Asker: 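Here it is, the structure, as structure tokens.
In this text the structure is predicted, and so the values were computed from the model without any measurement. Throughout, a chain's letter reflects where its sequence line sits, starting with A, and its residues are numbered from 1.
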2 protein chains.
Amino acid sequence: MNQDPILKPEVILEHAARYCAEHGSKLTTKRRQVLASLITSKKALSAYDLAEASRHGAEATLLPMSVYRILRFLQSIGLVHRLATANKYVACAHIACDHAHTTPQFLICKICSDVKEVGVANSIIDSIASAAETTGFRLLNDQLELECLCSECAVPELGA
Amino acid sequence: MNQDPILKPEVILEHAARYCAEHGSKLTTKRRQVLASLITSKKALSAYDLAEASRHGAEATLLPMSVYRILRFLQSIGLVHRLATANKYVACAHIACDHAHTTPQFLICKICSDVKEVGVANSIIDSIASAAETTGFRLLNDQLELECLCSECAVPELGA
DNA sequence: CCAAAAAATGTTACATTATATCATTGCGCA
DNA sequence: TGCGCAATGATATAATGTAACATTTTTTGG
């Protein structure tokens, strides 16, 4: 779940701080801590994972309630995505590249929660949206989640 | 979440019973009861909704644990789909039409849980799968879930 | 028909994910 | 300085889901 160009977490966090400011809020120490965990983690993490992580070498210990609050805030301005199919959270892959992106599509490894965020071609979203329209439903969705196996977990039953 | 042609629940349940038999299992009274609730319901239901429903006028009262077990069984043979983004369950829309269908795509009303199941064009699934392949992920997904507003809930803020 | 095996269900306990609510702290700004 | 709002702390509880083992029901082979 890393950023597009390979940037250091601190660089990404600075972009995030600026991004918060644009939304009239601040990237407080604890928000920064949660976001940093997600940026550094290769895998999607649950709120309780993040709370647990805060108890090892982090600046502050966070209770789950605080983690949820912080995640909600980070989501609200688009720095974090919630993966509904996994009940886990990831940092947006485009924090440092000034947004204006296509609909995100998350490839989620069923086994290890490794996540890749890729863009969905507009043509695909358009077909999907128009299929929905014909049934009277209006598409709200701003992300697609797909159950996958990552390359490591896909290694087939060697010697099975 | 109704069946393609408009059929009576009993007719659909008979198809389901036959379908179970083909899989070497049986549509017991309680499985039938759960499936009937889902078929009759216009909306997706949670396991606890189904347990609750079993306490009003149904033949048997079901504990949540039983409901989960029954849902897992019905899913395993394809009579029921779980909507991961909503933590709810729906009857397959094609129980009575002898399967061989395309990947299902669920349009889920964010507000009222009304669900429409439509087929996804193979071309779309193919593009998605190949996009996944290029990142080293193998697509497992056998369904797409899309957050929508149904025609009733989409009525815009009249007089707001 | 009966006993042993398998399938289905009952029951209790518990794990995980998430929200509600009210108290407290920190911080900008008049 | 102190008012007011944003952020966080703290506790309780709700909602969703699984584990594990006991019991009942059904099937099946002798």
Asker: To the closest 0.5 Å, what do you measure between CD (B/E145) and CG (B/L83)?
Answerer: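 Going from the CD atom of B/E145 to the CG atom of B/L83 covers 5.0 Å.
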
Asker: I'd like to know if A/Y48 reaches the base of C/dA15 with its side chain such that a donor and an acceptor end up less than 3.5 angstrom apart.
Answerer: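 When only heavy-atom distances are counted, A/Y48 does not reach the base of C/dA15 through any donor-acceptor pair under 3.5 Å.
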
Asker: Whole angstrom is fine here: how far is it from NE2 in B/H23 over to C1' in C/dA7?
Answerer: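 That distance rounds to 17 Å.
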
Asker: Does OP1 or OP2 of C/dT17 have a side-chain N or O of A/Y89 closer than 4.0 Å?
Answerer: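 No.
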
Asker: Rounded to the Å, how far apart are B/L27 CG and C/dA7 P?
Answerer: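 Whole-Å distance recorded here is 17 Å.
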
Asker: Phosphate oxygens OP1/OP2 of C/dT16: is one of them under 4.0 Å from a side-chain N or O of A/Y68?
Answerer: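 False: A/Y68 side-chain N/O out of range (4.0 Å or more) of C/dT16 OP1/OP2.
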
Asker: Counting just side-chain N and O atoms, does B/N87 come under 4.0 Å of either OP1 or OP2 of D/dA15?
Answerer: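 For B/N87, the contact criterion (side-chain N or O under 4.0 Å from OP1 or OP2 of D/dA15) is not met.
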
Asker: For a quick check of understanding: with a heavy-atom distance under 4.0 Å over all strands, which category does A/R31 fall into, base, sugar-phosphate or nothing?
Answerer: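 Result for A/R31 = sugar-phosphate.
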
Asker: Would you say the side chain of B/R69 and the base of D/dG17 hold a donor-acceptor pair, judged only by whether the two atoms sit under 3.5 Å apart?
Answerer: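 Result: no qualifying N/O pair found.
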
Asker: Distance check, rounded to the nearest 0.5 Å: A/R31 atom CZ versus A/L79 atom CG?
Answerer: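 Output value for this atom pair is 10.5 Å.
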
Asker: Please determine whether a side-chain nitrogen or oxygen atom of B/K26 lies at a distance below 4.0 Å from atom OP1 or OP2 of D/dT27.
Answerer: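 So the side chain of B/K26 is within the cut-off, an N or O lying under 4.0 Å from OP1 or OP2 of D/dT27.
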
Asker: With respect to the phosphate group of C/dT19, does any side-chain polar atom (N or O) of A/R72 fall under 4.0 Å of OP1 or OP2?
Answerer: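 For A/R72, the contact criterion (side-chain N or O under 4.0 Å from OP1 or OP2 of C/dT19) is met.
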
Asker: Please report the distance, rounded to the nearest Å, between CZ in A/F73 and P in D/dA7.
Answerer: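 Distance check: A/F73 CZ to D/dA7 P gives 6 Å.
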
Asker: Just the rounded figure in Å: distance from C1' of C/dA15 to CG of A/D49.
Answerer: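 So the two atoms are 14 Å apart, to the nearest Å.
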
Asker: Quick check on DNA chain C: between A/A86 and B/L63, whose nearest nucleotide comes earlier from the 5' end?
Answerer: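 The residue closer to the strand's 5' end, by nearest nucleotide, is B/L63.
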
Asker: Any donor and acceptor pair, going by atom type alone, linking the side chain of B/S41 with main-chain N or O of B/L38 inside 3.5 Å?
Answerer: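 Not confirmed, B/S41 side chain does not pair with B/L38 backbone.
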
Asker: What is the distance, rounded to the nearest whole Å, between atom CG of A/L71 and atom C1' of D/dA7?
Answerer: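 Answer to the nearest Å: 15 Å.
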
Asker: Report the distance from atom CG of A/L74 to atom C1' of D/dA6, rounded to the nearest whole Å.
Answerer: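 To the nearest whole Å, that distance equals 15 Å.
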
Asker: Give a yes/no answer on whether the side chain of B/S66 brings an N or O atom under 4.0 Å of OP1 or OP2 in C/dA8.
Answerer: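 Negative; the distance criterion is not met.
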
Asker: Should A/T102 and A/V120 be marked as a side chain to side chain contact (heavy atoms under 4.5 Å, CB included) after you check the CA-CA gap, both sets of side-chain angles, and the distance that decides it?
Answerer: CA-CA 6 Å; A/T102 56; A/V120 186; 5.5 Å; no

Asker: May I have the distance from A/E52 (atom CD) to C/dT16 (atom P), rounded to whole angstrom?
Answerer: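 Going from CD in A/E52 over to P in C/dT16 covers 11 Å.
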
Asker: On a heavy-atom basis, which atom in A/L13 and which in A/A36 lie closest, and how many Å separate them?
Answerer: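 Taking A/L13 first and A/A36 second, the nearest heavy atoms are CD1-CB, 3.9 Å.
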
Asker: Does the side chain of A/T28 get closer than 4.0 angstrom to OP1 or OP2 of D/dA6 through an N or O atom?
Answerer: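 So the side chain of A/T28 is outside the cut-off, no N or O lying under 4.0 Å from OP1 or OP2 of D/dA6.
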
Asker: Roughly how many Å is it from NZ in A/K30 to P in D/dA10, rounded to a whole number?
Answerer: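 In whole Å, D/dA10 P and A/K30 NZ are 9 Å from each other.
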
